[in-house]
Amino acid sequence: MVKLYGAGTLYHGPKSIESLKTITGKRAVIVTGHSSTRENGSLQRVCDMLQEKGWVCDVFSGVESDPSIDTVRKGAAFMQEKQPDWIIGLGGTSSIDAAKAMWIFYEHPDFTFEEAAKPFNLPEMRNKAHFIAISTTSGTATEVTSFSVITDNETGIKYPIADYNITPDVAILDTTLVEKMPQKLVANTGMDALTHALEAYVSTVANPFTDALAMRSIEMIVKNLVKSYNGDMEA
């Protein structure tokens, strides 16, 4: 039997960030990295849009490239203080992965990281908040997956948290948010996306549905990545 999971709702294309206007809520915590979302204006756009709707918008920034257990704990404590009904992961894979993990410990503060690292072992989520992922790079597609990778800096071990409960409720892939990516980031995250598409195709649990997505992804990346690197906005 095949069971195919993805984000609850996926918005894609130019100005799809406008879909935020359709979501009902009161308070959001936005989890993001050090500076890129501020510099490219995406953080301000999201906050402005939510505040126009009367939301309170709080920002937890400074997520590192490989988000750590310590950062996750700080973010969860920040959420406990602010009590959001929506959590928004904004940025690349690291920001969204960190936001997913913070969400777990915001919902279940007594849950341990060791328990969370056991595959498909999470308690029910969405008792306090729902989750929106807004990606500003290419890469792992964490915005539509049930995975979060967190690093223990003391041991150097990366822990993959895997559970369908942390699949985002909403994923927004607004192509205008990636127009200002540096060439190096276009290349690196584009190759990351290609790698994941190839891995999906050769996976031992692949099926006709995932094969269709993987093959089409490979085809589109091969056709468009170099053009995108060279500044072709349509690519």
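As a basis for the values below, the full set of heavy atoms in this structure was taken, side chains included, without hydrogen atoms, waters or symmetry mates.
- For the 3.5 Å distance criterion, the side chains of E64 and S94 fail to qualify, holding no donor opposite an acceptor.
- Using a 4.5 Å heavy-atom threshold, the side chains of T137 and L185 count as touching.
- Taking CE of M125 as the reference point, atom CZ of F131 lies at 9.0 Å (rounded to 0.5 Å).
- At a threshold of 4.5 Å between non-hydrogen side-chain atoms, the residues D85 and H130 do not count as touching.
- Looking only at side-chain heavy atoms (C-beta outward), L10 and E143 stay at 4.5 Å or farther from each other.
- Counting heavy atoms from C-beta outward, V59 and R38 have side chains that approach closer than 4.5 Å.
- The environment of F120 atom CZ is dense: over 12 non-hydrogen atoms of other residues, nucleotides or ligands sit within 6.0 angstrom.
- Side-chain contact check for E115 and T112: at least one donor-acceptor pair (N or O, by modelled atom type) lies under 3.5 Å.
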### From CA spacing to verdict: side-chain contact (heavy atoms from CB on, under 4.5 Å), I134, L20
CA-CA 10 Å; I134 305 175; L20 283 174; 4.3 Å; yes
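- With respect to I30, the side-chain contact (heavy atoms from CB on, under 4.5 Å) criterion is satisfied by exactly one of I132, D58, L90: L90.
- The two residues I166 and W103 make their nearest non-hydrogen contact at CA-CZ3, 3.7 Å.
- At a threshold of 4.5 Å between side-chain heavy atoms, the hydrophobic network of Ile, Leu, Val, Met, Phe, Trp and Tyr places V144 and L213 in two separate groups.
- Of the options T151, D152, D66, a side-chain hydrogen bond (donor to acceptor under 3.5 Å, both in side chains) to K158 is made by D66 and by none of the others.
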### Query
Can you check side-chain contact (heavy atoms from CB on, under 4.5 Å) on S138 and V178, steps first, answer last?
CA-CA 8 Å; S138 305; V178 299; 5.9 Å; no
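- Judged by the 6.0 Å distance and 45° axis criteria, K74 is not positioned over the aromatic ring of F60.
- Taking each heavy atom of A116 and I161 in turn, the nearest pair found is O-CG2, 3.5 Å.
- With hydrogens and angles disregarded, no donor-acceptor distance shorter than 3.5 Å links the side chain of D232 to the backbone of Y229.
- Considering all non-hydrogen atoms of both residues, T136 and G92 come closest at OG1-N, 3.8 Å.
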### Message
Could you go through N40 and S42, starting from their C-alpha distance and side-chain angles, then the distance that decides it, and tell me whether this counts as side chain to side chain donor-acceptor pair (under 3.5 Å)?
### Response
CA-CA 6 Å; N40 64 27; S42 57; 2.7 Å; yes
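- L173 has its side chain out of reach of Y11: every pair of non-hydrogen atoms, C-beta onward, lies at least 4.5 Å apart.
- A donor and an acceptor atom, one from each side chain of T142 and T93, are nowhere located under 3.5 Å apart.
- In this structure, F113 and Y159 have perpendicular ring planes: the angle between them is above 60°, well past the 30° mark.
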### Task
Give the C-alpha distance, both sets of side-chain angles, the deciding distance and a yes or no for side chain to side chain donor-acceptor pair (under 3.5 Å) between S19 and S16.
CA-CA 6 Å; S19 61; S16 55; 5.8 Å; no
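- Hydrophobic clustering of Ile, Leu, Val, Met, Phe, Trp and Tyr side chains at less than 4.5 Å, counting indirect connections, unites L43 with I17.
- Hydrophobic clustering, with ILVMFWY side chains joined whenever heavy atoms are under 4.5 angstrom apart, keeps V46 apart from V56.
- The nearest pair of heavy atoms linking A206 to D211 is CB-OD1, 3.5 Å.
- The distance from atom NZ of K82 to atom CD1 of I87, rounded to the nearest 0.5 Å, is 14.0 Å.
- Ion pairing between E18 and K21 holds under the 4.0 Å rule for side-chain N and carboxylate O.
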### Task
Could you give me the CA-CA distance, side-chain angles and deciding distance for T175 and L177, then say whether side-chain contact (heavy atoms from CB on, under 4.5 Å) is met?
CA-CA 5 Å; T175 50; L177 297 183; over 6 Å; no
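- The shortest distance between side-chain heavy atoms of Q83 and R27 does not fall below 4.5 Å.
- Taking the side chain as every heavy atom from C-beta outward, L50 and D48 never approach each other to under 4.5 Å.
- Enclosure of atom CE in M191 is not indicated, since only 12 or fewer non-hydrogen atoms of other residues, nucleotides or ligands lie within 6.0 angstrom.
- Across every non-hydrogen atom of G33 and S61, the tightest pair is O-CB, 3.5 Å.
- Checked by atom type, the side-chain pair D163/S146 shows no donor-acceptor distance below 3.5 Å.
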### Message
Between Q51 and W55, is the side chain to side chain donor-acceptor pair (under 3.5 Å) condition met? List the steps.
### Response
CA-CA 5 Å; Q51 288 168 349; W55 291 40; over 6 Å; no
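- Closest non-hydrogen pair, W86 versus I23, comes out as CZ2-CG2, 3.4 Å.
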### Task
Kindly determine whether V29 and I88 satisfy side-chain contact (heavy atoms from CB on, under 4.5 Å), including the steps that lead there.
CA-CA 6 Å; V29 165; I88 301 176; over 6 Å; no
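- Looking at D174 and T176, their side chains do bring a donor and an acceptor atom within 3.5 Å of each other.
- Of the inter-residue distances, the one linking M181 atom CE with E179 atom CD reads 10.0 Å to the nearest 0.5 angstrom.
- Between the side chain of T189 and the backbone N or O of G139 there is no donor-acceptor pair closer than 3.5 Å.
- The local environment of NZ in K53 is crowded, with over 12 non-hydrogen atoms from other residues, nucleotides or ligands closer than 6.0 Å.
- Sequence neighbours left out, the pairs with a member in residues 193-209 that pass side chain to side chain donor-acceptor pair (under 3.5 Å) are D192-H196.
- Rounded to the nearest 0.5 angstrom, I221 CD1 and K223 NZ are separated by 13.5 Å.
- Rounding to the nearest 0.5 Å places CD of E234 at 8.0 Å from CG of N224.
- Separating the SG atom in C57 from the CE atom in M49 is a distance of 11.0 Å, to the nearest 0.5 Å.
- Two residues are said to be in side-chain contact when any heavy atoms from C-beta on lie closer than 4.5 Å; V63 and T32 fail this criterion.
- V31 and F78 fall within a single hydrophobic cluster, where Ile, Leu, Val, Met, Phe, Trp and Tyr are joined by side-chain heavy atoms under 4.5 Å apart, directly or via other members.
- By the criterion of side-chain heavy atoms lying less than 4.5 angstrom apart, applied directly or through intervening Ile, Leu, Val, Met, Phe, Trp or Tyr residues, I157 is not grouped with V149; the two fall into different hydrophobic clusters.
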